[in-house]
Number of protein chains: 2
Amino acid sequence: MLSKIKAARSGLRKSEQKVADAVIDDPDEAVQSSIHAIATRAKVSEPTVIRFCRALDCVGFQQFKLKLAQDLARRGTFFYQDVTAQDTSKQLASKLLDGAIASLVQIRDQINEESLDRAIALYEACSRVELYGSGGSAVVAEDAQLKFFRLGKPAIAYSDPHIQHAAAALLDRDALVIAVSHSGRSSDILKTVEIARAARAKVISVTATRSPLAQCSDVALTVDVNEDSDIFSPVKSRLGQMVVLDVLAVGVAVRGGDHMLEQLARARRAIDFKFV
Amino acid sequence: MLSKIKAARSGLRKSEQKVADAVIDDPDEAVQSSIHAIATRAKVSEPTVIRFCRALDCVGFQQFKLKLAQDLARRGTFFYQDVTAQDTSKQLASKLLDGAIASLVQIRDQINEESLDRAIALYEACSRVELYGSGGSAVVAEDAQLKFFRLGKPAIAYSDPHIQHAAAALLDRDALVIAVSHSGRSSDILKTVEIARAARAKVISVTATRSPLAQCSDVALTVDVNEDSDIFSPVKSRLGQMVVLDVLAVGVAVRGGDHMLEQLARARRAIDFKFV
DNA sequence: TTTATTTTGTAATAAAACTACACAATGAAT
DNA sequence: ATTCATTGTGTAGTTTTATTACAAAATAAA
């Protein structure tokens, strides 16, 4: 629509061009304005605004505004922007959300299909799952535990590094470890994975590409996002990790066929509506 | 917007629900209708339609239609698709990521600036923060705890409902509660909030629009997403809740000025690279 | 310059959105 | 069960917004 206006501009009459200019100048303002407001800003009469709409193949002003609004909605591209102390709350929220969205888009385009398939195969071959993550990653591991224990095999998450060490020492070749770490460089998690592998357990890591953790795992599901604008904690990588683990869990479920999917959907409704 | 309507539906009055149903039934028709047309189709009076719009945080019918139109326009970019047993891993991942992205886009467009400002003010006025969430929402509460305790005031998260009750009873007027719940209907969390309010603590809720929890909070930060395609747990609303709480925390930090932002950024690097 | 044609604005009309208020339904307290 | 208070819903009127009809400028052609 916006480009349509630009294209049509030179074919319009003089005062209609003024309307076109006013709309192009601030389209977001335009979609919220009445005919009167636009007419005033473009310094033309109200019927001129309507004629302008009709010239653009709209039946009236309302339809024009609707089409323009939809156009603006679609134009949404998401990118990082640093927050500043001068931002209004609205700007702040939009910037942060945009950043989060951008990171998910990035992850979507980076998903490694082969790793995912191998991870699914590892789950199918194991008899139980342990999830390790500390600090912020503990949250992700716990969230994943909730998903995995509905898939039919025992799943448990540990967030204390010492307990992780102890738990890892007790694993066997039928156990599967899912190790979550943002940087993949924490010595605790590396030590834990080392112990787990010595016990012949399989290891899936959810971490940064080419990090030490990724390199010492059987399968690495990598999550790399631009963290520059995260102030407190790597929110974006946390979101990414959660979604990637969701993908893994759903992937496993899907291998169980449509029947299993339905069953899980029912289970979810029964549980969540009561408790969450 | 559409998912907001669905989420808010049960919190609406009877005739407003009729309007909701009419809109959900054919949203494309709705964006082109006048109040009169919608009122007729829903078999209610015209003011009821306006009240319905207001209940959804719109200033009037026009704004409602505009938001709805933009929502419909965006459907095309990232949209929900049900996963099937025939999907390849890649397709599966894309579908799930698209769904997650779509939900964040929705949340971005729904952010209520006024609520956010009020929530920030509540944090600034309090002397300590307690975060309550159980089940899946416990994960969100814990994640938020990590953010909030870096802002300079004590912050603690409880995930056991009984302990939440006990903790809430010990609050005073300087305490701030952040209550997280997907549905906003769990009796545990409602009870906890009731106790907290009786102790004169302030309550910010992170939950569905017009849910009981939202209604009994001082400020509601609403998170409404279409959960149809979530198999295990409401991943999408979980992501949304985490981001919304991140926005709140960053909002608080930003009020502390650029200096505080820098300090936090340094703190984050120091902490996270070691532990996560 | 006059005349036809196009363009633009004024003023009236129609339609839509919104408000104030009154009646009806619901629920709590006696 | 009856009254009172509260909440919900509709009727009727008001204001705002969109649209039309038409007349006055402006422009171009003869």
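Numbers restart at 1 for each chain; the letters A, B, ... are given by sequence-line order, proteins then strands.
Between the CD atom of A:Gln63 and the C1' atom of D:dA18 there is a distance of 14 Å, given to the nearest Å. If you measure from atom NZ of A:Lys18 to atom P of C:dT8, you get 8 Å, rounded to the nearest angstrom. The CZ-C1' distance, from B:Arg51 to C:dA20, rounds to 11 Å in whole Å. In this structure, NZ of B:Lys65 is placed 10 Å from C1' of C:dA17, rounded to the nearest angstrom. In this structure, NE2 of A:His36 is placed 14 Å from C1' of D:dT15, rounded to the nearest angstrom. In this structure, B:Ile50 places its CD1 atom 12 Å from C1' of D:dT14, rounding to the nearest Å. Distance, B:Glu16 CD to D:dG8 P: 8 Å, rounded to whole Å. Look at CZ on A:Phe61: it is 15 Å from C1' on C:dA17, rounded to the nearest Å.
A donor and an acceptor atom, one from each side chain of B:Arg185 and B:Ser10, are located under 3.5 Å apart. No side-chain donor-acceptor contact under 3.5 Å links B:Ser3 and B:Asp224.
Within the 4.0 Å cut-off from OP1 or OP2 of C:dT8, not a single side-chain nitrogen or oxygen of A:Thr48 is found. Regarding contacts with the backbone of C:dT10, every side-chain N or O of A:Ser45 stays at 4.0 angstrom or more from both OP1 and OP2. Distances shown here put a side-chain N or O of A:Arg54 below 4.0 Å from the OP1 or OP2 atom of D:dT20.
For B:Gln62 and B:Arg13, each mapped to the nucleotide of DNA chain D holding its nearest heavy atom, the one lying further toward the 5' end belongs to B:Arg13. If B:Lys14 and A:Val44 are placed on DNA chain C by their nearest nucleotide, the residue sitting closer to the 5' end is A:Val44.
Across C:dC18, D:dT17, C:dA11, the shortest atom-to-atom separation from the side chain of A:Ser34 is found for D:dT17. For B:Pro47, whose side chain is taken as the heavy atoms from C-beta onward, the closest listed nucleotide among D:dT9, C:dA20, D:dT20 is C:dA20. Distance from the side chain of A:Ser15 is smallest to C:dG9 among C:dG9, D:dT19, D:dT9.
Contacts of B:Ile35 with the nucleic acid, taken as non-hydrogen atoms under 4.0 Å apart, involve only primed sugar atoms and P, OP1 or OP2.
Just one residue in the list B:Val44, B:Ile5, B:Ile24, B:Leu12 forms a side-chain contact (heavy atoms from CB on, under 4.5 Å) with B:Val19, and that residue is B:Val44.
In this structure, the ring of A:Phe52 has its center less than 6.0 angstrom from the ring center of A:Phe64.
B:Tyr123 carries B:Lys153 over the face of its six-membered ring, with the cationic atom under 6.0 Å from the centre and within 45° of the normal.
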